[in-house]
Each structure stands twice: as C-alpha cells, then as structure tokens.
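Remarks on the structure that follows.
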There are 2 protein chains.
Amino acid sequence: MSTEALLTSGVVGSWKIVMGRLDKTIGRLTEAQLQERVAPGKNRRLYLLGHLTAVHDRMLPLLGLGERLYPEIDEAYVTNPDGALADPVSVDELKAMWTDVNAKLTAAVEKLSAEEWLEKHTQVSDEDFAKDPSRNRLSVFLSRTNHASFHAGQFALVK
Amino acid sequence: MSTEALLTSGVVGSWKIVMGRLDKTIGRLTEAQLQERVAPGKNRRLYLLGHLTAVHDRMLPLLGLGERLYPEIDEAYVTNPDGALADPVSVDELKAMWTDVNAKLTAAVEKLSAEEWLEKHTQVSDEDFAKDPSRNRLSVFLSRTNHASFHAGQFALVK
C-alpha cells in the first residue's frame, strides 16, 4: 500500500472503530434504556441515536457521495431539541436507518483516493476553498468522527 | 503542500480543534465547577482533566516523541478510579500541566513526515508491526483524539 493509501486507510479505520463501539452499545440497549436520558435534564439516548443517524446521512451529499437516505428524521433529531417533536419512527426503524447510513457511508469513503479526500466538500465555494484548502472531505469526516465520539461519551454514562 | 502533507495536516488540524474546544471549556470552569460530577455517581470533571492530561502525556513516549513530563499524576487519574486517591496537585497546577503536555505534543507531531506517521508506535514489536502495519503513530493519535472527544462530550453535560 502507498503512503497515501495507508494514511487514508488509518482515517477510515478510526471511523470504523468508533462506529463499531457505538453499534455494540446501541445493539445491547433495550427500548426502555434508549428512552433514558444520559444525565438528568439532558438528551435521551434515542435522541442521540437519531441525531447521529441524521448527521451521518447528511454526510452523503456533503461529501458528494450520494443522495440522502432518510431526510425525514432531521426535524425531530437535528432541527429541534429533544422532546420538541414526537419520535418520527420506531426504535427498530431508527436502528435499521443507523446501520444502513453507516454502511453506505463507510463503503463510499473506502473507495476514495487520497486526492479525492482532499477535494472540497459540497458546501464550500470554489473561491473559499481556494483560500482555505483544509475545507475538504477529510476535515468533514474527521470532524464527524469526533462528533460521534463526543456523543458516545454521553451514551456511556448510563449503565 | 504535497498530498501526503495535506493529509497529515488534516489529522493534526482535527486534534487541534478538539483540544481548542476543551481548552475553552476548561478555561472558563471554576474550581467548584471542576469538582462537580458530569452525571450523578460519575467522574468529576477534574478527574477527567487529570485523566486526559496523563493519557496525552503518555503519548510522548508512546509515539517516540520524548520523555514523559508528569508521570506523578497517573496513580490518581489513570490507575485508579475517581475518589480512590486524593488529587495529587492543585487545580491550577493541573491546568498548567494540561496546557504544557498538549503544547509539547502538538509541536512534536507537527514536525512528523507522512512516513514517520506510519512508523510503528513504541509499544508494538517489530514482528507484530510486520503483521499489522496499522499499529502506527497515526492510529494511536486518531484514537487519542477520539478519546478526548469522548470525554469532551461528558464535560459538556454540566453547565
């Protein structure tokens, strides 16, 4: 493997580790446990699961990797805080969306070349990208990996 | 900048964003706020700060970047759970250690070439590294960036 390919495979490997741990945590939680808040007055784990699913789904168009799969959950889990709207889908449906989104995203990023990782994401203009070439797919992907870890730390607080 | 340099600078950039946010959070917390638990029965923020400082300090030898700076805090913040031992240093001393460790680490990783990022870390044998070349500096660093994000999510739970 080339130096470039080893670097990008390290980045994707880190994402896969974070997703694998979240999958394990989420997989063993019952519906009642998903309805619990991570701390008093804070988000339910179910909200966090919806939030992460929607944010990862948004990465498909943001990274130029395809159309969104489940835009219908944004209102409940991104635009509004927990509790403002009813959960739009069942727990099982949401778990299936989570698995589907991550599988599609992971398969797509595994095919990117080093040069493609460094191309601009779709929400930055050519002009702004010329000024700041760090506004690329890689920075979005690393940022979302950290975002998932951030919420994983909250998931972990409840037994 | 070369493709390789852009990739590694993206990785360091992601670390700097996570550290910058943590610095901001930690900087505005009073001693009383640092003594609060992130959730009932969970770690104090001060413990998390000590834990992250010690884990980052350990990266210096782990990545072959230098000697440890503050091994004296491991007992309280890595080896033992929160509350088992008294805090070994004052809040101000711990904050200064946190800043110092991250500054040294960031300065050192910024100098690594792409090839150096892919070299084995110091806790893996030549034989094991030959079998699994992903056991390199990059994977440790990405893992620790995610680890910091994980605890940042817990820090964020308390106002």
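Nothing here was measured: the structure is a model prediction, and the numbers come from that model. Hydrogens, waters and symmetry mates are skipped; everything else that's a heavy atom, side chains included, is used. In what follows, every chain begins at residue 1, and chains take the letters A, B, ... in the order their sequences are listed.
Contact tally against chain A (heavy-atom pairs below 4.5 Å) for B:Ala152, B:Gly10, B:Ser149: the top residue is B:Ser149.
Screening A:Leu138, A:Leu6, A:Thr3 against B:Leu7 for a side-chain contact (heavy atoms from CB on, under 4.5 Å) leaves a single residue, A:Leu138.
Here the side chains of B:Leu142 and A:Ile17 are not in contact, with every heavy-atom distance at 4.5 Å or above. Annotation: side chain of B:Ser14 is not in contact with side chain of A:Ser143 (no heavy-atom distance under 4.5 Å).
Transitive grouping of hydrophobic side chains (ILVMFWY, heavy atoms separated by less than 4.5 Å) keeps A:Ile26 and A:Phe150 in distinct clusters. Under the 4.5 Å side-chain heavy-atom criterion for ILVMFWY residues, no single connected hydrophobic cluster contains both A:Trp117 and A:Phe129. Transitive grouping of hydrophobic side chains (ILVMFWY, heavy atoms separated by less than 4.5 Å) brings A:Leu48 and A:Val89 into a common cluster.
For the residue pair B:Thr145 and A:Asn146, no side-chain donor N or O sits within less than 3.5 Å of a side-chain acceptor on the partner.
Judged by distance alone, with hydrogens and angles left aside, the side-chain atoms of A:Gln154 form no donor-acceptor pair with the main-chain N or O of B:Gln154 at under 3.5 Å.
Atom CZ of B:Arg21 is surrounded by 12 or fewer heavy atoms from other residues, nucleotides or ligands within 6.0 Å. By the 6.0 Å contact criterion, CD on B:Glu115 is enclosed, its count of non-hydrogen atoms from other residues, nucleotides or ligands being greater than 12.
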